[in-house]
Amino acid sequence: MESTPTVEIEQRGEIGILTLQRPRALNALDLEMVEVLAAALERWERDDSIRAVVLRGGGDRGFCAGGDVRGLYETLIGDHPEQVEAFFRAEYALNARIAEYRHPIVAFADGITMGGGIGLAGHASHRIVTERSMLAMPETRIGFTPDVGGSWLLGRAPGRVGEYLALTGNTVGPADAIAVGLADHHVPSVRLEGLLSALEDGADLDSAIQAVATDPAPGTLTGELEWIDVAFAQPTVAQIVDALRGRPEDAARETAGHLGTLPPTALAVTLEAVRRARKLPDLRAALSQEYGLVLWFGTTQPDLVEGIRAQLVDKDRSPRWNPAPGQELPADLLDQAYGFTPPTPLWR
């Protein structure tokens with residue numbers, strides 16, 4: 001195996017190390033990176049000399065900010081649906097491989113870890129956050145829906161936090177990431193290299209992590225669970241917003257205002273996605289559901305291209321959603337979204 005400019009591949013003793021090396025783009029994933037990661041994991045899975053794999057990001061700003069959304073934008077406006085399919089099939093296969101991997105995978109979700117970054121770190125067997133970690137599934141903000149198994153992870157968060165995080169796209173720090181099930185351990189960033197060295201020297205994985213783990217600074221979600229659980233249990237997005245507006249907490253009313261700026265299509269589909277994922281049997285089933293939704297958004301809905309344009313291309317932060325907030329959605333919207341059949345199956 002050889003490293004590429006964007007993925008560094010190493011073996012130190014019994015430890016395989018995969019380092020995302022695209023720091024100027026916050027290690028955003030493109031198809032080549034996904035394929036290189038998958039090939040390395042495939043080889044190491046058959047290698048009895050490998051005891052564990054460490055997955056980390058280069059640079060000091062983040063583990064992985066997600067998929068290469070600008071690249072997705074170019075593909076969408078260039079009308080290349082087959083390239084969109086190829087990327088998501090490869091990415092979702094990688095997500096599933098990580099979750100089902102023979103060897104332990106230790107993910108250092110240090111710094112920004114969003115979207116596709118959670119698809120890597122969130123399914124690892126040992127998920128480490130640091131004091132710098134910021135985790136989110138912000139897809140609704142660009143007219144999209146949480147994918148890479150995000151609906152599966154959020155569907156298993158306590159109470160209605162999954163719906164809250166999926167709809168708002170809000171960021172959580174290390175304590176809240178652990179509390180909602182997106183991470184397992186907090187390790188100060190200055191101790192990550194020491195942890196890696198201990199693993200290289202043959203230390204027991206769980207003992208080595210416990211030796212450097214600490215309690216994170218308190219999070220904020222614990223004090224907000226009451227209004228989150230009440231409001232986000234409502235049947236529809238409109239009823240959630242009404243419930244938030246009726247709450248006495250400032251944060252609840254601010255959340256109502258935030259939801260009022262987001263695309264109604266993405267919100268309705270995402271709410272349903274989390275609730276359906278909660279009833280699905282496994283991650284692969286959730287990925288299959290997400291794959292259909294991703295291609296439905298990408299090939300039939302204008303909001304995804306518009307959201308990327310407004311947030312990341314023109315950066316005018318003034319997306320023109322269709323339908324706009326406050327307008328009614330088609331009565332059969334969810335039937336359209338969940339009845340969509342991708343041209344190419346996810347699992348062959």
Side-chain angles (χ1 to χ4, degrees), residues 4 6 22 25-38 64-95 114-117 119 137-151 169 262-270 272-273 287-325 327 329-330 332-348:
T4 69
T6 52
R22 202 181 173 198
L26 292 174
N27 298 316
L29 296 170
D30 59 22
L31 180 58
E32 181 186 24
M33 294 171 72
V34 169
E35 291 176 340
V36 170
L37 291 169
C64 174
D68 183 357
V69 179
R70 288 184 67 103
L72 174 62
Y73 175 83
E74 296 296 332
T75 303
L76 290 171
I77 64 173
D79 193 23
H80 297 292
E82 73 286 351
Q83 295 179 20
V84 177
E85 292 178 22
F87 174 77
F88 285 108
R89 284 201 309 274
E91 186 179 28
Y92 292 6
L94 176 60
N95 302 148
M114 297 182 179
M137 297 297 297
E139 287 78 6
T140 58
R141 300 184 180 203
I142 58 167
F144 202 29
T145 190
D147 67 324
V148 296
S151 66
L262 298 179
T265 299
L267 292 177
V269 171
T270 294
E272 183 74 4
L287 288 167
S288 182
Q289 173 177 277
E290 292 171 354
Y291 179 66
L293 294 177
V294 161
L295 295 184
W296 178 79
F297 272 104
T299 60
T300 74
Q301 300 299 299
D303 280 351
L304 177 55
V305 167
E306 173 62 11
I308 299 173
R309 180 207 64 77
Q311 297 295 334
L312 298 171
V313 179
D314 297 337
K315 298 182 180 180
D316 58 28
R317 305 294 192 270
S318 300
R320 295 178 291 273
W321 305 124
N322 183 20
Q327 292 182 336
L329 291 168
D332 64 344
L333 175 72
L334 296 181
D335 291 336
Q336 291 181 36
Y338 288 89
F340 181 83
T341 301
T344 305
L346 174 58
W347 312 116
R348 296 185 179 182

Please tabulate, for the side chains in residues 293-302, all donor-acceptor contacts under 3.5 angstrom to protein atoms that are two or more places apart in sequence or on a different chain.
unit_1 : atom_1 : unit_2 : atom_2 : d
Trp296 : NE1    : Thr300 : OG1    : 3.4
Thr299 : OG1    : Leu295 : O      : 2.5
Thr300 : OG1    : Trp296 : O      : 2.6

Pairs of donor and acceptor atoms involving the side chains of residues 81-94, under 3.5 Å and at least two apart or interchain, shall be tabulated with distances.
unit_1 : atom_1 : unit_2 : atom_2 : d
Glu85  : OE1    : Thr344 : OG1    : 2.8
Tyr92  : OH     : Asp147 : OD2    : 2.6

Contacts under 3.5 angstrom, residues 28-38 side chains, donor-acceptor by atom type, not counting sequence neighbours:
unit_1 : atom_1 : unit_2 : atom_2 : d
Asp30  : OD1    : Glu32  : N      : 3.3
Asp30  : OD1    : Met33  : N      : 2.9

Show me, pair by pair, the donor-acceptor contacts under 3.5 angstrom made by side chains of residues 65-76, not counting sequence neighbours?
unit_1 : atom_1 : unit_2 : atom_2 : d
Asp68  : OD1    : Gly71  : N      : 3.0
Arg70  : NH1    : Leu312 : O      : 2.4
Thr75  : OG1    : Gly71  : O      : 3.0

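Remark: Asp79 pairs with no residue by the side-chain hydrogen bond (donor to acceptor under 3.5 Å, both in side chains) rule, at least two apart or across chains. Under the side-chain hydrogen bond (donor to acceptor under 3.5 Å, both in side chains) criterion, Thr140 pairs with no residue at all, not counting sequence neighbours. Residues satisfying the side-chain contact (heavy atoms from CB on, under 4.5 Å) criterion with Ser288, sequence neighbours excluded, are Leu346, Trp347. Partners of Pro323 under the side-chain contact (heavy atoms from CB on, under 4.5 Å) rule, at least two apart in sequence or in another chain, are Thr265, Gln327, Leu329.
Screening Ile308, Val305, Val313 for a side-chain contact (heavy atoms from CB on, under 4.5 Å) involving Ile77 leaves a single residue, Val305.
When atom types are taken as modelled, the side chain of Tyr338 and the backbone of Ala273 share a donor-acceptor pair closer than 3.5 angstrom.
Annotation for Ala324 and Pro264: closest pair O-CG, 3.6 Å, computed over non-hydrogen atoms. Scanning all heavy atoms of the two residues, the minimum distance from Ala337 to Val269 falls at CB-CG2, 4.0 Å. Between Pro138 and Met114, the shortest heavy-atom distance links the atoms CD-CB, 4.2 Å. Across all non-hydrogen atoms, the minimal contact from Pro325 to Leu262 is CG-O, 3.7 Å. Summarising the geometry of Phe340 relative to Gly292, their closest heavy-atom pair is CD2-O, 3.5 Å, with the distance given to 0.1 Å.
Here the side chains of Glu290 and Thr145 are not in contact, with every heavy-atom distance at 4.5 Å or above.
Within the structure, the side-chain hydrogen bond (donor to acceptor under 3.5 Å, both in side chains) test picks out the following pairs touching residues 308-319 (sequence neighbours left out): Glu306-Arg309, Arg309-Asp314, Arg309-Asp316. Sequence neighbours left out, not one pair with a member in residues 292-305 passes salt bridge (Lys or Arg N to Asp or Glu O under 4.0 Å).
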